Amino acid sequence: MTGLEMGILSTGLILLFVILGMYIPVVLTLISLVGAWMITSNFDIAIFLLTQKSVETISNQEFAVIPLFVLMGLLVSVSDIARETFGVANFIFRKISGGLGVATIAANAVFASITGVSIASAAVFTKVAVPEMIRFGYHPRLAVGIVAGSSVLGMLIPPSILLIVYAFIAQVSVGSLFVAAIIPGFILAGFYAVFILAIGKYRPEWVGAGHAAAQSEADEHMTVGTALKLLAPIVGLVILVIGGIYGGIFTPTESGAVGAAGALVLTLAKRRMTWGKFWKVVVDTGHVTASICFMIIAASMYSSMLGLSGVPTELQNWVVSSGFSVVALICVYIAIVIILGTLLDSVSIILIVLPIFIPLLEFFQLDLVWFGVLSIIVVEIGLLTPPLGIAVFVVKSCLPDDEISLRDIFLGAMPFGLIMLFVAVLITVFPALIVY
């Protein structure tokens, strides 16, 4: 069996087992072990090689960034910051037609910059924003679409867990990736806002005749002073974490520690923390960290096995002999990821596809940081596409009743998926948009 045949077979088996419901790190580990055993014809050597790769991977000091940012995100989630951010954003955009939708996107962007998890954003804002939008006349499909679509900002705007996973697999700087994702993240949020404003102008009935009433009611409960008081600690935490990395004051790991400490202080100051909640946050941090580390170790083992089989070299030779251009390679990659997005979750796609494509990207001397931002945008489209669409299912599970169907949520999220694809094309055509 040639290396290319082994690569195709292993990828096919991984996809099959994952679709059947097996845990992706377990699948990657087993396939890597069997593959290395077949290549070396010696089980002990295969075990030794994969063990050595695992130890080398997990010994990286930057792994400390994972529990720190996870802890920060979980602390923020229990502090009710999302509700307060939404209230402030609603106050800011109170005089705009479609302002309640724009406020949801703005609040989601801010919340994303201190949590880094799309699913958390989808769950929180379904409970906070959807009832408000529907109460003031928004079309239900648009309301849930706004929340599902803007929730993906959590995986693009740093600190993002998916960016961290990509950084370790592609072996690029976490800090560089965080800085590079800032501009594309807010460009995406900006296009979302423009889309809502366009609906407000051309289809005002979709943003509700009672929208003005919603804003006047917000005026009664919110003043400029109150808005600044609520927003100051949130903005301060964002500046502390992202600004510290961007300004070179902190390494990503140090920034995670500072962010986690800041989030703890903020949560305690708001008196939202109890011993029970704190224990749950700590336990959940351990569970999420262990899961992510297991995934990264398994992906490194899979990458090592592919290297042993000669897949990268054979794939490079095939691409060169076929006359593939860089543009064609990127288009094929985007198509593969979008298709897989209908079947697999974001992390699984990253773990399976990147070890195959990264050697090709290095061969063509493409910037892996730029490619990382592109990958996250394209992978996140899968959160909104049927039949899997995890963000859509989270929104559905958090709705208080069954009046809004799963089909309506998918249809409502569709324009936002198309906007993400447009932004992906935009940064491909204009790579200078990614600065780090």
Side-chain angles (χ1 to χ4, degrees), residues 10-11 14-32 54 57-58 60 62-63 65-67 69-70 73-74 112 115-123 151-172 174 177-178 181 284-303 333-334 336-358 368 371-385 387-394 420:
S10 64
T11 303
I14 289 169
L15 289 173
L16 174 64
F17 289 134
V18 171
I19 291 171
L20 289 175
M22 285 187 68
Y23 187 42
I24 179 67
V26 173
V27 175
L28 287 174
T29 301
L30 290 176
I31 295 294
S32 301
S54 302
T57 301
I58 201 66
N60 190 335
E62 286 196 348
F63 260 90
V65 78
I66 297 173
F69 278 119
V70 170
L74 291 173
T115 56
V117 182
S118 294
I119 304 306
S121 298
S151 71
V152 302
L153 295 170
M155 282 300 186
L156 180 59
I157 298 176
S160 158
I161 299 302
L162 205 55
L163 285 172
I164 294 173
V165 172
Y166 175 91
F168 282 114
I169 294 174
Q171 296 183 350
V172 297
V174 175
L177 205 53
F178 277 4
D284 287 349
T285 299
H287 288 164
V288 174
T289 301
S291 177
I292 294 172
C293 289
F294 189 16
M295 289 178 181
I296 294 173
I297 291 170
S300 70
M301 293 169 68
Y302 178 53
S303 178
Y333 174 80
I334 291 174
I336 290 173
V337 169
I338 290 177
I339 292 170
L340 289 178
T342 65
L343 302 172
L344 304 175
D345 63 275
S346 303
V347 175
S348 296
I349 296 171
I350 291 288
L351 297 180
I352 294 170
V353 176
L354 279 184
I356 297 173
F357 271 86
I358 283 177
L368 291 182
F371 188 76
V373 177
L374 174 67
S375 295
I376 301 306
I377 294 174
V378 177
V379 164
E380 287 292 278
I381 295 175
L383 288 178
L384 307 177
T385 54
L388 189 61
I390 294 175
V392 172
F393 280 96
V394 170
M420 292 176 71

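This is a predicted model, so every value here is computed, not measured. We're numbering straight along the sequence, starting at 1.
- With a 4.5 Å cut-off on side-chain heavy atoms, Val353 and Tyr333 count as touching.
- If you take CG on Leu354 and CG on Leu351, they are separated by 8.0 Å, rounding to the nearest 0.5 Å.
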Report task. Just do the side-chain contact (heavy atoms from CB on, under 4.5 Å) check on Leu15 and Leu340 with the steps written out, would you? Result -> CA-CA 9 Å; Leu15 289 173; Leu340 289 178; 3.7 Å; yes
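- Proximity of Gln171 to Ile358: side-chain heavy atoms (C-beta onward) are nowhere separated by under 4.5 Å.
- Residue Thr385 comes nearest to Gly341 through the heavy atom pair OG1-O, 3.8 Å, listed as atom of the first residue, atom of the second, then distance.
- Of all heavy-atom pairs between Met22 and Val27, the closest is CB-CG2, 3.4 Å.
- To the nearest 0.5 Å, atom OG of residue Ser10 and atom CG of residue Leu30 are 13.0 Å apart.
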Query raised in the report: So Leu383 and Ser346, side-chain contact (heavy atoms from CB on, under 4.5 Å) or not? Walk me through it.
Result: CA-CA 7 Å; Leu383 288 178; Ser346 303; 3.9 Å; yes
Report task. Give the intermediate values and the outcome of side-chain contact (heavy atoms from CB on, under 4.5 Å) for residues Phe294 and Val26. Result -> CA-CA 9 Å; Phe294 189 16; Val26 173; 4.2 Å; yes
Query raised in the report: How far apart are the C-alpha atoms of Ile31 and Phe17, what are their side-chain angles, what is the distance that settles it, and do they pass the side-chain contact (heavy atoms from CB on, under 4.5 Å) test?
Result: CA-CA 10 Å; Ile31 295 294; Phe17 289 134; 4.3 Å; yes
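- Taking each heavy atom of Ile24 and Met295 in turn, the nearest pair found is CG2-CE, 4.5 Å.
- Here the two rings, on Phe357 and Phe371, have centers that are 6.0 Å apart or farther.
- Using a 3.5 Å distance cut-off with no hydrogens or angles, the side chains of Tyr23 and Ser291 do pair a donor with an acceptor.
- Judged as a ring-ring contact (aromatic ring centres under 6.0 Å, His included), and not counting sequence neighbours, Tyr302 has no contacts.
- From Leu374, atom CG reaches atom CG of Leu368 across 12.0 Å, with rounding to the nearest 0.5 Å.
- Considering every non-hydrogen atom in both Met155 and Leu162, the closest pair reads SD-CB, 3.5 Å.
- Put simply, CE on Met420 and CD1 on Ile381 are 5.5 Å apart, with the number rounded to the nearest 0.5 Å.
- Side-chain contact between Ile297 and Pro25: absent, with no pair of heavy atoms (C-beta onward) separated by less than 4.5 Å.
- The side-chain contact (heavy atoms from CB on, under 4.5 Å) test with Tyr166 is passed by exactly one of Val373, Val379, Val347, Val172: Val172.
- Under the 30°/60° scheme for interplanar angles, the aromatic rings of Phe69 and Phe178 are found to stand perpendicular.
- Leu384 contributes atom CG, which lies 6.5 Å from atom OG of Ser151 (distance to the nearest 0.5 angstrom).
- Here the shortest heavy-atom pairing between Ala181 and Leu163 reads CB-CD1, 3.8 Å.
- Put simply, the side chain of Thr289 reaches to within 4.5 Å of the side chain of Cys293, judged on heavy atoms.
- Qualifying ring-ring contact (aromatic ring centres under 6.0 Å, His included) partners for Phe393, counting only residues two or more places apart in sequence or in other chains: none.
- Across Val70 and Ile292, no two heavy atoms sit closer than the pair CG2-CD1, 4.4 Å.
- Considering CD1 of Ile296 and CG of Leu28, their distance stands at 12.0 Å, rounded to 0.5 Å.
- Side chains of Ile349 and Ile336 form no contact here, defined as non-hydrogen atoms less than 4.5 Å apart.
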